Every structure is written in structure tokens, then in C-alpha cells.
2 protein chains.
Amino acid sequence: MNEHPPMTRIQARNRAVILSGGLDVFSIAGFRGATLDQIADAAGLSKPNLLYYFPSKDAIYAALLEQLLATWLDPLRALDADGDPVTEVLAYARRKLALSRDFPRESRLFATEILAGAPQIHAMLAGPLRDLVNEKALVLQSWMDAGRIRATDPHHLIVSIWALTQHYADFDVQVRAVLGDGDAFAGADHFITDLYRSLLDPAPARRL
Amino acid sequence: MNEHPPMTRIQARNRAVILSGGLDVFSIAGFRGATLDQIADAAGLSKPNLLYYFPSKDAIYAALLEQLLATWLDPLRALDADGDPVTEVLAYARRKLALSRDFPRESRLFATEILAGAPQIHAMLAGPLRDLVNEKALVLQSWMDAGRIRATDPHHLIVSIWALTQHYADFDVQVRAVLGDGDAFAGADHFITDLYRSLLDPAPARRL
DNA sequence: CGTTTGTTTGACCGTTCGGTCAAATCGGAT
DNA sequence: ATCCGATTTGACCGAACGGTCAAACAAACG
């Protein structure tokens, strides 16, 4: 689409720190609640310097969403129709959970955007995301029809994986207050694996 | 605590519409992102009139959180140690889901507050909520020890119910974009029941 | 060295923010 | 009808907002 002119090291570095600072602030306060001064402070730059690298607050936000959406669907895309059904679903859930663990700011940015009504990314939700979900739901349905996993609603299955994995990043403060400050993700990984195995396994070999 | 002087019908009505308007705006934009003008507009009152009934923007927000927290823990409190284990957990999950269905704005308000770092309600999370969760986790653990439900992590079990039920309110825009504009809660209720029954039932009588 | 280009910033602008206030209006009891 | 407290609002305030700009500064190159 847009070909970038060659970028100096200073440009690359400053654009990076601005995006990181913007991610810090937007992911906590949302678009409206964030201010350029907060972002400039988080980035360690002056406000006019911010606007030397990005034309506006909106542009910073848009750049963050763009780089987020570029990889957000990858875990679901990787769900392989030719793999072992239970293994594939569990691997998907664990990939998504790892994404929440490793990129909690991105997860929260996504959450604030959705909560605000998804003004910027609604087209992506109703387009590519919807198509991808429908495609993978068909895969799940075919597995269910073949008796390889237990029959349940494939769409809600996918949504439930989103809900569970997002929650540990987005509601981090609440989870830590209740579970303590230890690593909640380790326990979450184990629980989620257990949960979906027991849901999907067609011939449950319990009590191992 | 604070005894209210007798309230006229006008006062009762205007305080109500202000809180409703504030809920509309805060639940979408968060505290920082919301403006008094937006709230006044949503309430159908002028901005100075708003501040005749509430001393400040913070006071409106605090009143909303207070009335939210007053009932937020009720579904979990109602989990009965003397009831049938699977029935009790499923009933809790369904009560929580009903709360998301019937009070989506309150659910989103809670979400924005948590995402912002829970500056107003952190004490409640680390205090009453934590205590309640620990208490109910002990109940779940005793059921597991007695073999009445399958053994899994009780804390993560509770957190997962929060995650799933909140999601249908908080990520409503995304859910609707993917599942269509129909009633997602009906399908969610069925799926969640299925999910937790298969996790918890100690002697699964599948294929009914 | 000088010059050119890229980078940084203090000062500033118009607008919107949360909040105030005096004056106007309303409503219910007498 | 009159009164008095309750209610409503237009006009306004200082602060913070997103954004601009000219001038100062740094880096690269001959």
C-alpha cells in the first residue's frame, strides 16, 4: 500500500518508543481518556516531538491497532483441519493464552476499543474475523459430525476461548487481587487444558 | 452510614436519569473518556443541573460503582454449600450470565474500571471479593475431596465463570459481529451449561 | 569549516474540559 | 394569590486538551 521512505535509526527508535508509550496509555485509559502529554511522558519525548513523528493522536492509535490486527488472528488461522481435533483445539487455546501473557497491553488495547463500540475496527470484526470464525467453525463441526470430538456449538466454543484467555490479561488487576500476585497464567494454562479436554474428549479416560 | 434527607419525586427522578445517563457514557468511554456534557445530554438535563444533584463528575462515578458493588457479589454469595454440587455451580454460572444479559452497562462499567487499574475499587477486590472467593473455593474443594465433582482448581473455576459470563456483555460488539445480531445469550447459556457439566460431572452420563 | 538536512522544543492558539454563580423559573403549601 | 424553597440555566472561569510554528539545535556530508 504505502511505501515508506528509508528510515533513519533515530526515526525507527522514536517511532517505536512513541508506539510503546501510546500502548501503555491507550490500553489503560482508552482512546478518549488518553492524552498526548501522557503518551509523550511515557515515551520520554516532548509533545511537539511526538507530533513530528505522527501527525495526530488518532494516527498513533491507528498505527497501534493496525500492528495489533496484523497478528491477532494468527492463532486461530493456525488451527489445522488435518490435525488431531482435541490437540488442535487445546493448542489453539494455549496459543491464545500465551498471547495474553506475552502481550497484555495489546490485549487491553483491543478490549478498550471493543468496549468503546469498536469504532475503528468494526469492519474487521464483521469482515475478516467473521469469515475466519465461520471457516474454523465448519472445521469444528466436521470433527463433531465425525464423532472425533463431542458435539457442542462451535461458534460458542471459539468465543469461550477468547473470553477465557483475554480475561487473564484484561482483568489482570482483579485476578491478581483474588489469586495473589503469583503467576496466574501457569494455573490458567492447566485449568483451560483440563476444561476443554473434558468438554471435547469423545471417550473420556478420566482419573489418570 | 449517611442518612438521606427526604427526597422529592423530582430529586428521585433526576438522580435516576443522571445515573442512567452516566452509566451509558462511563460504560463506553471509561471515567477519563466520559464528559459531563455527554452525561448531561444522555440524561436530558443541562450540565449545571447535573451538578445541582451531584457535586462532581467523580461523585456520579462513585455512586454508580457503589450501587454496582452492592449487588455484584450476590450470585456467588448464593452458592450453597448444602446444595447439590453440580447444580449449584451451574446455577451460579447461569445467574452470572443473566446478570450480564440484564445489566450489560453495569458489566461494562466494571470492565472499564478494572482495565483502568481499578483505582476506585481495588480495596474491594483485595478485601471482600477475595474473602468471598476463598470461602467459596473451600466449598468447591470440599466437594472435590468428597468426589462429588471432578477435581480441578477451584479458584480458576470461579475466574473462568467470570470470564465467560462477562465476555458476552463486555465484548457484545465483537460477539454480535461474529455470531450475528440474534440472541447470543440463549446459545451461551446452553454452551456454558454443557461446558461446566462436562468438566464437573464425576460420572458423566453423556449422550442423553 | 560551512551548509544542508533532520530533529527538538518553548511559546502559543483555539477548543473543550470540569466546575461556579447569579439570576430566572418553577412548584407546592398556605 | 402569595410566598418561599426547590429547581433550572446562560454566562462565565481557569485548567487541560490536541495541535501549530518559528526558532534553536544536532548530524551528516562536502
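No experiment lies behind these values; they were computed from the predicted model shown.
With respect to the salt-bridge test (charged N to carboxylate O, under 4.0 angstrom), the residues B:Arg108 and B:Asp170 do not qualify. A salt bridge between A:Asp181 and A:Arg176 is present, with a side-chain N of the basic residue lying under 4.0 Å from a carboxylate O of the acidic one. Residues A:Asp24 and A:Arg105 are paired through a salt bridge, judged by an N-O separation under 4.0 Å between the basic side chain and the carboxylate.
Side-chain atoms of B:Arg148 never come within 3.5 Å of backbone atoms of B:Pro85 as a donor-acceptor pair (strictly under, hydrogens ignored).
Residue contacts shown for B:Ala34 are limited to sugar-phosphate atoms, with no base heavy atom under 4.0 Å away.
Atom CZ in B:Arg15 sits roughly 12 Å away from atom P in D:dT7 (whole-Å rounding). For the pair A:Lys57 NZ and D:dT20 C1', the computed distance is 17 Å after rounding to whole Å. Separating the CD1 atom of A:Ile60 from the P atom of D:dC17 is a distance of 14 Å, rounded to the nearest angstrom.
Counting only residues at least two apart or in different chains, ring pair (Phe, Tyr, Trp, His ring centres under 6.0 Å) contacts with residues 45-76 of chain A comprise A:Phe26-A:Tyr61, A:Phe31-A:Tyr61, A:Trp72-A:Phe110.
For C:dT7, the OP1/OP2 oxygens have a side-chain nitrogen or oxygen of A:Gln11 closer than 4.0 Å. Under 4.0 angstrom from either OP1 or OP2 of D:dA6 there lies no side-chain N or O belonging to B:Asn14.
Counted within 6.0 Å of CZ on A:Arg32, heavy atoms from surrounding residues, nucleotides or ligands total more than 12; the atom is thus considered enclosed. The number of heavy atoms from other shown groups lying within 6.0 Å of CZ (B:Arg94) does not exceed 12.
Near DNA chain C, meaning a heavy atom under 4.0 Å away, the residues from residues 36-55 of chain A are A:Ser46, A:Pro48, A:Asn49, A:Tyr52, A:Tyr53.
Side chain to side chain, B:Asp194 and A:His156 fail the donor-acceptor criterion of an N or O pair below 3.5 Å.
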Close N/O contacts between protein and nucleotides 28-30 of chain C (under 3.5 Å):
none

